[in-house]
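Each remark here refers to the structure printed beneath this line.
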Amino acid sequence: MADLPKTYQPAEHERGIWGLWTGADAFTADPRRVDADRPGYSIVIPPPNVTAALHLGHAFNNTLQDVLTRTHRMRGYEAMWIPGTDHAGIATQTVVEKRLLNEEGKRRTDFTREDFIARVQAWKDEYERRITDQLKAMGCSCDWSRQRFTMDDICARAVREAFFILFRDGLIYRGKRLVNWDPASQTALADDEVEMQDVAGRFYYLRYPLVHAPANPGDMADVQEVTWSELAARGYPGASGMPDDENAWVTVATTRPETYLGDTGVAINPHDPRAKPLRGLMVQLPLVGRVIPIVEDDYVVMPLEIPGARLPERDEDAPIDPKAKFATGFLKVTPAHDPNDFEIGRRHGLDAINIMAPDASISDHHGWSDVGDARIFVGLSREKARELVMREFDARGLLEKSVPYEHAVGHSYRTHVPIEPYLSDQWYVRVTDDRLVGFAQRALRPEQRTTSTHMPMRGVSGDGEMAFFPERYARSYEQWHDNLRDWCISRQLWWGHRIPVWTREFGTWKNLIGEADGPGEELITTLLALRDREPNAPLAYFLASKSDMSRPLLEADEIQDCTDLVCVVCVRRSGPLETTRVKPRDFEAWLAKHGFAQDPDVLDTWFSSALWPLSTMGWPEPEQSPETAGLLDAFNPTSLLSTAREIITLWVSRMAMFNRYFTSPDAGRTPGRIPFQHVYIHSVIQDGHGQRMSKSLGNGVDPLDIVESHGADALRWTLTSIATGTQDVRLPVDLICPHTGQTFAPTFIQIASGHHVPAPVQDSPFAPGKKMVTSFGAASGLAKPTPETPLARNTSSKFDAGRNVCNKLWNAGRFAMGMLTRGEPAPIPASTLRASERPLVDRWMLSRLARSARACDEATNAYQFATLNQALYDVLWRDFCDWYLEAIKPTAEGDAHQRAVLRDVLDAILRLLHPVIPFVTETIWQGLRELPRTTSIEGLGLDNDASMLCLAGWPAIDDALIDERAERDFARVQALAEAIRNVRATHKVKPQRRITLHLPDALRGEIEASGGLDLVRTLAGVEHVVAIGADTGTGSTPTPFTFEGQALALSDLADAVDAGAERERLMKLVGDLDKSIAALTARLSNPGYADKAPAKLVQQTRDELARQQAEREQAAAALGSLA
RNA sequence: GGGCGAUUGGCGCAGUUGGCUAGCGCGCAUGCAUGACACGCAUGAGGUCACAGGUUCGAGCCCUGUAUCGCCCACCA
């Protein structure tokens, strides 16, 4: 062992150890091994997006998952951690599009769909490989033989099946709805993909002229203005004060005046005193000329006051709606461009007029025809249109005022442009159906459900066993479901799972049956044959009116009356299919032959993610592939999902819905299996300033940089150490020069939004004469790093702690193994040794080990990784290294049994540490394995037949090894050694100097009886132990000190004792004791204390006071004798 | 607007049913090449636990309020 280097060099071992593990297929799970004695433990990785390499947040999450996977593997579970990546539809397509534009100057539309997808596929291949390499470098013990990608064949099969079942069961529909439209990427976004940003906008108050309803609706020539005097006659409050002959108006307040072009109504609260006088009147939109009704709707907030009117009594307790401050009481209704207005419009039968092109410019080609004088707006961007609308209204005296207003506006999470609520045809999953939302809601473990009843889903008893850690996140989960809306799943992208729906417009029923002459007959017969939806049906279909495809036409007369009939078919699988009722055929080709066209859109990326626990395990037919055979039965539900909190809604909920629905035992009537038993929500890693780490802020830390500089284990150690239960954790970021290894505090520049961005200063010490950048310097506007430019990397000194621990363990192992190879072999071969037969220090070490193992287990089971980390640190560094190794230095060589204890203790500690720092522990363990083990310690429960630590058994340490007596006795030894060391330090006694300890006889007797006296000698550098007051014959004056309230002394400290240092030491001691004594006395003299506090506690306080008083007396006496 | 988290020595954090003198790592000071480790060893300094009230014999912990920082959610009048 002497040839091992003094410091642990991770790079020299990690690759070899990884080869050892993977060469033995150590991480490959076998579902056939799962049984009652060997339960399954499974995790499916939250698949990282293939958009970019992994960041520290991924490293964090995956470290924790690996800790759990490795622990359970060692505990005897059949552990399976499935790795994989997510195609991340819009995000990946966006980065590839950007790159193509930058590097080749090409746009997506310059490619065919197939060619473009091939380019994205190439990107995906590259990043999938990089991500995989990163996970492996971090030591993630995934089952790499089962790696999945959300768009591979196995996952695609699951997506097809899931879509088909939902379609067949009426849980998927085509809806003309307002979607969150991203005008830049021209796709619909899910609610969750919209980021709210505060925007400094304005409130505009627009006047809409009032008119009489034309006799013939639509006859604009017939429109008559309403004057103020007419209004006054109708009893309209405030009208009498207005100029009689002028055209009266109502004022609407809006932040988006340009949408007035699409207004189809003005709404007023029915309780508004102005509502009644306005009945029968309409308003006319300036320029457009459109005459629109005034509708009464409770949704409208009334203003705080209406001139000339008394507002209806309001409930004192009801909170004032903040909108009331801005409200005029009139709400413009633009059903095609505002979700609320869409609902109002639907309630009152108002038209939805879409005034925008997909790029959000004003357009009369997408549903708007009555342009009138508003043609001046056509073709303008929404921003330009807004300005022009204001100018035009102002010119006509119709702009009452505008006031500044800061409000939250949805932005695309990819392109960061404001979202446009946009009317279009999209596919939806009816997640508001109880079979989905209810199943997911009730998946929660009953004790994590709240009992409030005002929310519709609350109070329903849970039937599931899904639990959140930390528990508080169960509420986020619940609240999301309480406010759920249907899920828009279609995306206007090329990169993703193509929607497996084929449609054909027939116009009329006659057209449809008219085809009966030729292939149409076959079409109809086939469709009719499948009408009863047999379980294995290869396709499902419905007929609908093209203008409203949200509802299938079911009645015969509906179908026959329809003039825009559409047939919508969902095909279950690609390739040949058959059932008992129809002949086998390739239905996709068959539909194409019949004039059907496949929907061009792809599915929201979360649709495939939602199936992840099923698809990775081969659902619906795992036996179709050797990779997935047997997995579902053995490993679903999975044991744990570990993820970030912002994804609870996007992902966790949907996995719960899908897993439960698709595993339903009775075709969706009752919920099936939950996808995972536990959901662990990890913290978000921020930099030292509380900023979220991100590429664009330049404050991210690359896990591979840390692996390189500190080692994978150090990375993992530090990450577990910061995994407290809080929602954010901070990791201060430093810059490091990769050439010199020097670190620097980053400097900061201010950017517009008020965030601090770390950016290096011009004259950075490691870049003489060069403009320096961080690894993400481009984001801060400084030079882009190139391989030639020496560039700084982001790191954190926090990782030093991890490196130090690995090094400490390395040296402890090196030293211990050195001891194990010295001395005579154990006399008793292959036997067990009882702790009770061993001296104090061994019994103490074994007891501490037993306690630590218990603490580790408890922490791991509760997902308290920082606590686990601390327990490991304490047993390794404080107990084993600081005390045990020091204490046995003189004895181990001559005591074969002690070496047996040392060996097993080291082995057990390596096992406990292995899940967190797998590489260094395995490296040492492989060395330890070489050494003969003839004697094992009873109760440690270390199996002996594993060839590698990652497959070795978890220590099954018997609680009988917990020895309170030994812990008490050894604690006394420690306290005495520390008291002696304190004196030694004050007097600057050389470490090598052996000194003499003067002990009272009784104390000496006790310590000797416990077996601790020799330990005190070793640990405190004591050569001779004599009775207090004894003459040592050296002539030196003993230096007194106190221990447990008794007077002890040390002599032979030096050739001459420094009285000044001694006085200082004693004075501080007396001072400290005085403070403490005062506090204890005060507590005891409190009349309530003795009466109400537990007697045991009171007695403890009294004893402590007595001890301290005695100690103070001793110290004071010593001080006196000094003078 | 709703919900949640945080506030403990210079920095990052523990502190799980209220109870000995509030712990840990980094940093700091002093000493040390001592049979593993200077990525180390020993000893030490450093905290009115954000603020104000309250409950209690006793509060970092429980209650009420306030302030600051941050996160998530929310249909842009």
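Sequence lines set the chain letters: A, B, ... in the order given, protein chains first and strands last, and positions in each chain run from 1.
Contact annotation for Arg878(A): backbone-only contact, meaning every heavy-atom pair under 4.0 Å involves sugar-phosphate atoms and none involves a base. The residue Pro421(A) sits close to a base: some heavy atom pair falls under 4.0 Å. Among the heavy atoms of the strands lying under 4.0 Å from Gln1108(A) is at least one base atom, whether or not backbone atoms are also near. The residue Gln870(A) sits close only to the backbone: its heavy atoms come under 4.0 Å of sugar-phosphate atoms, none of a base. Within the nucleic acid shown, Phe880(A) has no heavy atom closer than 4.0 Å to any nucleic acid atom. Counting any heavy atom pair closer than 4.0 Å across all strands shown, Ala812(A) reaches a base atom. Contact annotation for Cys806(A): no contact, since no heavy-atom pair falls under 4.0 Å across all strands. Residue Asp882(A) is in sugar-phosphate contact alone, with no base atom involved, counting any heavy-atom pair closer than 4.0 Å across all strands shown. Among the protein residues, Asp1103(A) comes within range of no part of the nucleic acid, since none of its heavy atoms lies under 4.0 Å from any strand. Across all strands, Val684(A) comes closer than 4.0 Å to no nucleic acid atom at all (heavy-atom distances).
One finds no salt bridge joining Glu343(A) and Arg346(A) here, because no Lys/Arg side-chain nitrogen approaches an Asp/Glu carboxylate oxygen to under 4.0 Å.
Of the candidate nucleotides C41(B), A36(B), G35(B), A36(B) has the atom nearest to the side chain of Leu885(A). For Lys6(A), the side-chain atoms get nearest to C37(B) when compared with the rest of C37(B), A36(B), A14(B). For Arg475(A), whose side chain is taken as the heavy atoms from C-beta onward, the closest listed nucleotide among A36(B), G3(B), U21(B) is G3(B). Ranking U21(B), U43(B), G35(B) by closeness to the Ala985(A) side chain, first place goes to U43(B). Side-chain proximity of Trp480(A) to A74(B), C37(B), G19(B): nearest is A74(B). Minimum atom distance to the side chain of Ala801(A) is reached by G25(B), of the listed A36(B), C76(B), G25(B). Nearest to the side chain of Lys808(A), among U21(B), A36(B), A42(B), sits A36(B). Side-chain proximity of Lys798(A) to C13(B), G12(B), A36(B): nearest is G12(B). Distances were taken from every side-chain heavy atom of Gln864(A) (C-beta onward) to each of U21(B), U16(B), C37(B); the shortest belongs to U16(B). For Arg803(A), whose side chain is taken as the heavy atoms from C-beta onward, the closest listed nucleotide among C39(B), U21(B), G5(B) is C39(B).
A67(B) sits 45 Å from U30(B) when the P atoms are compared, rounded to a whole Å. With both ends at atom C1', the span from C51(B) to G46(B) equals 23 Å, rounded to whole Å.
No donor-acceptor distance shorter than 3.5 angstrom exists from the side chain of Ser1076(A) to the backbone of Asp1072(A), with no hydrogens or angles considered.
Counting heavy atoms from C-beta outward, Val250(A) and Ile268(A) have side chains that stay 4.5 Å or more apart. At a threshold of 4.5 Å between non-hydrogen side-chain atoms, the residues Ile722(A) and Leu719(A) count as touching. At a threshold of 4.5 Å between non-hydrogen side-chain atoms, the residues Val417(A) and Pro183(A) count as touching. Using a 4.5 Å cut-off on side-chain heavy atoms (C-beta onward), Trp181(A) and Met356(A) make no contact.
The residue among Thr867(A) and Val989(A) whose nearest nucleotide of RNA chain B lies closer to the 5′ end is Thr867(A). In this structure, Tyr473(A) and Arg256(A) both approach RNA chain B, and ranking their closest nucleotides by distance from the 5' end singles out Tyr473(A).
Between the side chains of Thr259(A) and Lys332(A), a donor-acceptor pair is found at a separation under 3.5 Å. Counted by atom type alone, Thr7(A) and Asn807(A) present zero donor-acceptor pairs between their side chains at under 3.5 Å. The closest side-chain donor-acceptor pair between Asn1086(A) and Arg1083(A), if any, does not fall under 3.5 angstrom.
Phosphate contact (OP1/OP2 of U43(B), side-chain N/O of Arg984(A), threshold under 4.0 Å): absent. The side chain of Arg645(A) contributes no N or O atom lying less than 4.0 Å from OP1 or OP2 of C72(B). Note on Tyr873(A): a side-chain N or O is less than 4.0 Å away from OP1 or OP2 of G25(B). Phosphate contact (OP1/OP2 of G44(B), side-chain N/O of Asn982(A), threshold under 4.0 Å): present. A close approach under 4.0 Å does occur between a side-chain nitrogen or oxygen of Trp877(A) and OP1 or OP2 of C41(B). Considering only side-chain N and O atoms, Arg822(A) lies nowhere under 4.0 angstrom from the phosphate OP1 or OP2 of A36(B). Phosphate contact (OP1/OP2 of G5(B), side-chain N/O of Thr726(A), threshold under 4.0 Å): absent. In this model, the phosphate group of U43(B) is not approached by any side-chain N or O of Lys988(A) to a distance below 4.0 Å at OP1 or OP2. Between Asn804(A) and G40(B) there is a side-chain N or O to OP1 or OP2 distance below 4.0 Å.
Nearest approach of Trp717(A) to Asn869(A), heavy atoms of both residues: O-ND2, 3.1 Å.
At a cut-off of 3.5 angstrom, the base of A36(B) holds at least one donor-acceptor pair with the side chain of Glu886(A).
Pairs of Watson-Crick or G-U wobble type, with distances under 3.5 Å, assemble into runs of 3 or more in RNA chain B at these ranges: B:1-7 with B:67-73, B:10-13 with B:23-26, B:28-32 with B:40-44, B:50-54 with B:62-66.
Atom CG in Leu1073(A) sits about 14 Å away from atom C1' in C20(B), given to the nearest Å.
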